[in-house]
Amino acid sequence: MTIDGLVKKPQTIDLAEILRRFPEEERIYRMRCVEGWSMVIPWAGFPLRDLLNLVEPTSEAMYVAFESLHDPEKLPGQKTMVLNWPYVEGLRLDEAMHPLTILATGIYGKELPAPNGAPLRLVVPWKYGFKGIKSIVRITLTAMQPKTTWNTEHPQEYGFLANVNPAVDHPRWSQATEQRLGESGRRATLPFNGYAEQVASLYRGLDLSKYY
Amino acid sequence: MKMISFAKVLALVNGLIPLLLLSWDAWNSQLGANPVNFAIRTTGYLALIFLMLTLLVTPLVKLFNWNALTPLRRTFGVYACIHTMAHFLIYFTFDRGLNVGSTLYEISMRLYLMIGTTALVIMLPLAITSTDGMIKRLGPKRWKMLHRLTYVAAIAGVTHYLLLVKADLTQPLIFAAILSILLGYRFGRYLWNLRTTAKMSLSQMMPQ
């Protein structure tokens, strides 16, 4: 994985080095998909902040851009341009540095499998799941808000912030409830997916129906 | 006579199988991680398939004289309605939790749901008037005009599907292509009949 952009120490780092430098911790997080289902997932990973501190973002860095693997041979779903591959995502720097934000290396007590985004995958539990970019190959620190795949595809439906918010409907369905997989009946969706106490302060004063 | 009945029995019995399989799998928790979502998608897809089959009957009968197929049109049409009703009921019961207010709100807020509801609302009177008794009561001309609404239901169903997919338009576009052919056949026949009628009127007007 390459980390570059507005950083003092750009570098390419391999998985073994990452696992050596950043010991895994278990993080059990709620995951809420924008489509209305949810799960509770025991991830293993480390805070993204630790990796960013390693490369030392400069004072101009305001955002973190992520790029996923583009390999139609390994990932046959990429043979057609259903989306504009490679999948890209981004976070504000303060969101990326937040203690809840992790890079996951494992799930359910095992190494992260390919469909879940091996070897490294972003998990930001207070945002909709599509922000959790998989199989990260590149992280770039930027001054401007980076393009994100779903926002480019359908800007009225998928925003940059993508904070879980029962009060802000997706254009095609309500976000007030969710289907917890394995349960019968739906349950109420919580603001910031239940992490309001930890992250609401990041968005104080922001009109969340405008900046969805 | 026997052959016609057999074809109908085949269609009737086989048409029931997807719902039976779906129910069996639902009972045995074999519908995957998100069973409600799977059931909604599957009943919707089946409704579209049965609509396409319904519209396929007349072209096949007219082009190849496969008269054995004619009774199947009603079978397929009623199945299309049944699957559309199941599709809506699963949504209402499990996605909306039997909440009428929430359902009406969602339908009113989402264009693709309004279009889908239109398809459902059209198919109900068509299913009700599909019996022999009803055909007699309405008379062939009125019945035919009413049941042309099938075209509207099919267009609404495919449009509903097209509007709800988030990125991969492949399946809805395939249905749209098939529907275009099925409707195109009827439009072509309508133009051909106009031409024939015009020729006849013209030959009657010409001095001999």
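All values reported here derive from a predicted model rather than from experimental measurement. Protein chains get the first letters and strands the later ones, always in sequence-line order, with residue 1 at the start of each.
- For Asn84(A), the CG atom sits in a loose shell: 12 or fewer heavy atoms of surrounding residues, nucleotides or ligands are nearer than 6.0 Å.
- Ranked by heavy-atom pairs shorter than 4.5 Å toward chain B, the options Met39(A), His154(A), Arg172(A), Arg186(A) are led by Arg172(A).
- For Leu169(B), no part lies under 4.5 angstrom from a heavy atom of chain A.
- Note on Lys166(B) versus Glu35(A): salt bridge recorded, some NZ/NE/NH1/NH2 to OD/OE distance being below 4.0 Å.
- Options Val36(B), Asn34(B), Thr170(B), Leu163(B) differ in how many heavy-atom pairs under 4.5 Å they form with chain A, and the most are formed by Asn34(B).
- Evaluation of the salt bridge (Lys or Arg N to Asp or Glu O under 4.0 Å) rule for Lys74(A) yields Asp71(A) as partners, not counting sequence neighbours.
- Few gaps surround CE on Met114(B); more than 12 heavy atoms of other groups in view lie less than 6.0 Å from it.
- For the pair Arg110(B) (side chain) and Pro171(A) (backbone), a donor-acceptor distance under 3.5 Å is present.
- Crowding of Glu111(A) atom CD: a count of heavy atoms from other residues, nucleotides or ligands under 6.0 Å not exceeding 12.
- With a 4.5 Å cut-off on non-hydrogen atoms, Asp95(B) touches chain A through its backbone and its side chain both.
- Atom CZ of Arg142(B) has 12 or fewer neighbouring heavy atoms from other residues, nucleotides or ligands inside a 6.0 Å radius.
- Here the closest non-hydrogen pair linking Leu181(A) and Ala33(B) is CD2-O, 3.4 Å.
- With a 4.5 angstrom heavy-atom cutoff, Tyr112(B) touches chain A only via side-chain atoms.
- Residue Glu73(A) qualifies as open at atom CD: its count of foreign heavy atoms under 6.0 Å is 12 or below.
- Neither the backbone nor the side chain of Ser184(A) comes within contact range of chain B, judged by heavy atoms closer than 4.5 Å.
- Counting non-hydrogen atoms of other residues, nucleotides and ligands closer than 6.0 Å to CD of Glu197(A) gives a total of 12 or fewer.
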